[in-house]
Amino acid sequence: MYFEEFVVGTEFATGLRQITESDVKTFLNLSLLNNPIFLDDRAAKTMGHPKRILPAPLLISMAMGLCQQRGLFDHMVAVLEFDYVKFQKPSYLGDSVQVNSRVTLARPTRDPRRGLVRLSFELHNQRHESVLEMRAVYLMLR
């Protein structure tokens, strides 16, 4: 999407995506986050979780990837800032996630080819529970 398509108050929803064992293993290998609470149910239980949880950075990445698939970042020049990230509750292997986003700021820059867009994001699981809230500012092509 180009800058002009981001109108303050407009909301976008992505499709639903299940997070699989393969997703988690690939992410952990890439990120080096091989913490036992992400790999083993027993280890997670010793930390007070009912089963292994998903890494927080994986959830952020999934949220951004779903928005990319939706076309929100097709004409993004750069991410300028994440000014708010809050994890509402744990997510678990096999959960499905979906993103709802809302445009909270859209303003042109001095460069007539670019504009700033602030989006708020809410990642929900298959039970429609909010698991992650974020806000970020993007530089977009006009």
Side-chain angles (χ1 to χ4, degrees), residues 1-41 43-45 47-142:
M1 293 176 57
Y2 285 99
F3 167 75
E4 291 82 4
E5 298 173 87
F6 291 95
V7 177
V8 173
T10 303
E11 296 185 1
F12 305 96
T14 70
L16 195 64
R17 167 74 155 67
Q18 184 178 34
I19 301 175
T20 67
E21 176 89 25
S22 176
D23 295 329
V24 175
K25 284 184 177 181
T26 300
F27 185 82
L28 293 177
N29 286 335
L30 177 65
S31 66
L32 306 176
L33 287 172
N34 293 306
N35 188 307
I37 64 173
F38 308 139
L39 297 165
D40 180 71
D41 287 337
K45 285 180 183 178
M47 295 298 189
H49 300 287
K51 57 184 178 177
R52 61 183 155 155
I53 62 173
L54 297 175
L58 171 61
L59 294 172
I60 293 171
S61 296
M62 280 288 185
M64 296 298 91
L66 287 167
C67 290
Q68 176 68 52
Q69 284 186 334
R70 174 67 172 75
L72 297 183
F73 303 139
D74 287 349
H75 296 99
M76 176 184 64
V77 176
V79 179
L80 300 181
E81 160 181 297
F82 279 91
D83 63 355
Y84 178 78
V85 177
K86 184 175 182 181
F87 296 93
Q88 306 287 28
K89 60 186 343 176
S91 293
Y92 304 98
L93 181 65
D95 277 0
S96 293
V97 293
Q98 176 184 23
V99 178
N100 292 320
S101 59
R102 185 170 44 89
V103 180
T104 61
L105 170 82
R107 78 170 172 80
T109 65
R110 283 178 271 169
D111 182 339
R113 298 169 297 158
R114 298 176 176 182
L116 292 179
V117 174
R118 175 180 281 126
L119 296 168
S120 63
F121 303 96
E122 193 166 9
L123 186 71
H124 295 93
N125 62 22
Q126 68 276 12
R127 293 176 298 282
H128 306 286
E129 300 167 325
S130 177
V131 296
L132 169 63
E133 291 180 357
M134 300 186 302
R135 277 191 317 257
V137 177
Y138 301 89
L139 186 61
M140 303 295 228
L141 287 179
R142 295 177 76 179

| request: Any side-chain hydrogen bond (donor to acceptor under 3.5 Å, both in side chains) involving residues 73-82? Give me the pairs, sequence neighbours left out, ordered by first then second residue. | output: Tyr2-His75, Gln68-Asp74

| said: Can you list everything that forms a side-chain hydrogen bond (donor to acceptor under 3.5 Å, both in side chains) with Gln88? Sequence neighbours excluded, please. | reply: Glu133

| note | Here the pair of heavy atoms bringing Leu66 nearest to Gln98 is CD1-CA, 4.3 Å

| task | Mind running side chain to side chain contact (heavy atoms under 4.5 Å, CB included) on Leu139 and Leu116 for me, showing each step along the way? | result | CA-CA 5 Å; Leu139 186 61; Leu116 292 179; 3.8 Å; yes

| request: Report yes if some heavy atom in the side chain of Leu33 is under 4.5 Å from a heavy atom in the side chain of Pro57; otherwise report no. | output: yes

| query | What heavy-atom pair brings Met140 and Met76 nearest, and what distance separates the two atoms? | reply | SD-CA, 3.4 Å

| request: Say whether, by atom type as modelled, one donor and one acceptor occur between the side chain of Thr10 and the main chain of Phe6 under 3.5 angstrom. | output: no

| query | Say you draw a straight line from CE of Met1 to CZ of Arg70; how long is it, rounded to the nearest 0.5 Å? | reply | 7.0 Å

| Is the shortest heavy-atom distance from the side chain of Leu93 to the side chain of Lys51 under 4.5 Å? | no

| field | Ala43 backbone acceptor or donor facing Arg52 side chain under 3.5 Å | value | no

| request: Taking Asn125 for its side chain and Val97 for its backbone only, find out whether a donor-acceptor pair lies under 3.5 Å. | output: no

| query | Do Ser120 and Tyr84 come close enough that some side-chain heavy atom pair is under 4.5 Å? | reply | no

| remark: For Leu28 and Asn34 the tightest heavy-atom approach is CB-OD1, 3.5 Å

| task | Give the minimum heavy-atom separation between Thr14 and Cys67, together with the two atoms involved. | result | CG2-N, 4.0 Å

| query | Side-chain donor-acceptor pair under 3.5 Å between Thr26 and Asn29, yes or no? | reply | no

| request: Would you give the length of the straight line joining atom CZ of Phe82 to atom OH of Tyr138, rounded to the nearest 0.5 angstrom? | output: 4.5 Å

| field | Distance-minimising heavy-atom pair for His49 and Pro90 | value | ND1-CG, 4.5 Å

| Do any N or O atoms from the side chain of Thr104 and from the backbone of Arg118 form a donor-acceptor pair under 3.5 angstrom? | yes

| query | Do side-chain atoms of Thr109 reach the backbone of Arg114 as a donor and acceptor pair under 3.5 angstrom? | reply | yes

| query | Is there side-chain contact between Arg113 and Val77, with at least one heavy-atom pair below 4.5 Å? | reply | no

| note | dist Arg135:CZ -> Asp83:CG (nearest 0.5 Å) comes out at 4.5 Å

| Is Phe121 close to Leu132 at the side-chain level, that is, under 4.5 Å between some pair of heavy atoms? | no

| task | Enter the distance from Ile60:CD1 to Phe87:CZ here, rounded to the nearest 0.5 Å. | result | 4.0 Å

| said: Tell me if a side-chain donor or acceptor on Ser96 pairs with a main-chain N or O of Gln126 at a distance below 3.5 Å. | reply: no

| query | OG of Ser91 to CD1 of Ile53: how many Å apart, nearest 0.5 Å? | reply | 9.0 Å

| Taking side chain as C-beta onward, heavy atoms only, is Ile19 less than 4.5 Å from Asp95? | no

| remark: In terms of heavy-atom contacts, Ser61 and Phe27 come closest through OG-CE1, 3.8 Å

| Does some side-chain heavy atom of Met134 sit less than 4.5 Å from a side-chain heavy atom of Met64? | yes

| message | Once rounded to the nearest 0.5 Å, what's the spacing between atom CZ of Phe12 and atom CG of Leu119? | response | 7.5 Å

| query | Hey, are the side chains of Met62 and Val99 touching, using non-hydrogen atoms and a 4.5 Å cut-off? | reply | no

